[in-house]
Amino acid sequence: MKLELSDAVAQLILRINDPLFVRAVLSGQRRSLQPEYVRVDIKPVMIKDELKFQIVGSDGKKDITKNTELDFDFQALFLSGYSNLQVDTTTESYSVRISKKDQAIAGLSKVKLTRELSHNRQKQRMLPESNQIFKALEMSDMLGRIKPTKMDKYKQVDEFLRLMNQLIDGQLSDQKDISIVDLGCGHAYLTFAVQEFLKNKFQKVSILGVDERVDSKEHNEKVAIKLKVQSSFIAAKISETPNQKVDIAIALHACDTATDDAISWAVKNNAKVIMAAPCCMHQLQTQIKDSPEPWALLTKYGLVKERLIDLMTDSLRAQILKLLGYKVDIVEFIGGEHTARNILIRAVKSDLPALEIDKERYIQMLNQWQIKPYLANLLAQELKTTAQI
Ligand SMILES: C[S@@+](CC[C@H](N)C(=O)[O-])C[C@H]1O[C@@H](n2cnc3c(N)ncnc32)[C@H](O)[C@@H]1O
């Protein structure tokens, strides 16, 4: 519905002052105007028993939060240059789009929301929802909010960046340039997020995404053009990826033994940091028929056997990396409610010699269970030269 801009703003303010007001979002840019932020979020908050408005402005990199009194001048804010204005109450969503000719086009839809007055800030994200990459990847809507169907992926990417940041601060912060290879990159949600996140930390970020699917490469190259970033993509098997300099090799949910291919490629290319969140795993599952006693106590239950062998697979991957001179930890990188595949193997090259106890444990484990992990086959030569196994 078209209406005068002043009438549309009056409707928005009416709803902001409604006791059922839940949230408002301002985004986009009107012609010839320069709003202060990329996106503004407004919500009611209760601070020391007093009702206020919390206004969070995001410039696409960081958020600035202000708590204001109820008589705040929303008219000035709404007219300061944003082209999409939306105010939600518990029952209605009222949205206004301001056209290039400064005409207001309003829409009203029914919603069912809860009013939440807690003033605790939401978890600080590594990249805000409004960041341009999420729009280019079609993960966020026109108001710069992550679409509900993409929320799990957004949280995975966010947590991955958080854990990567810890390693960078400890290991790579002295470097001017950094090179990242994302193995099994799919639609490159993580690849673009890593590039965006690192561009303020390093002078030059080189990034390569590898996926065997040609359509992934084509999709990712289109996104790179949209974002005007220089990322390279190749359609290739991970194991056939040409050798190159790599500081951080990442693999998020590369299927089955593709995670082993990724770890192996990273080791052979002397990656300083390896971050691999494995996906489904079948290789050891098929090797283990009988388990050494007393482990039959666990392996007689199909479900427990499957989980036990998944954990064995990851522990053996970690042990192989340790034997090859990496410092390794295994962390849960996201709550189990977002993905069941929530383990991350983090390895940092240290060139420490392999300890005898680590070698013995590894050999005994393989002998007792009569197994040969796929990664051990891929890195047989390295295990022989570096750890004499
Ligand atoms: C589950 S998706 C994950 C994609 C992406 N890392 C993410 O988390 O959004 C796994 C991707 O790995 C790719 N892939 C699986 N095995 C591969 C291999 N051996 N070489 C290259 N790509 C592989 C698949 O084509 C798929 O795009």
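Ligands are counted one by one from 1 in listed order, and the atoms in each one are counted from 1 as well. Remember, it's a predicted structure, so these values are computed and weren't measured experimentally.
- Defined by atom type and a distance below 3.5 Å, a donor-acceptor pair is missing between the side-chain atoms of N269 and Q244.
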What donor-acceptor contacts under 3.5 angstrom involve side-chain atoms of residues 187-194, with partners at least two apart or in another chain?
unit_1: Y189; atom_1: OH; unit_2: K150; atom_2: NZ; d: 3.2
unit_1: T191; atom_1: OG1; unit_2: D182; atom_2: OD2; d: 2.8

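- For E356, the side chain to side chain contact (heavy atoms under 4.5 Å, CB included) partners at least two apart in sequence or on another chain are K359, E360.
- Listed by first and then second residue, the side chain to side chain donor-acceptor pair (under 3.5 Å) pairs that reach into residues 219-229 are K217-E221, sequence neighbours excluded.
- S206 and S179 share no side-chain donor-acceptor pair at under 3.5 Å.
- The immediate protein surroundings of ligand 1, defined as residues with any heavy atom under 4.0 Å of it, consist of K153, G184, C185, G186, Y189, D211, E212, R213, A236, K237, I238, L252, H253, C255, A258.
- Relative ring orientation between W369 and W295 is described as tilted, the plane-to-plane angle lying within the 30° to 60° band.
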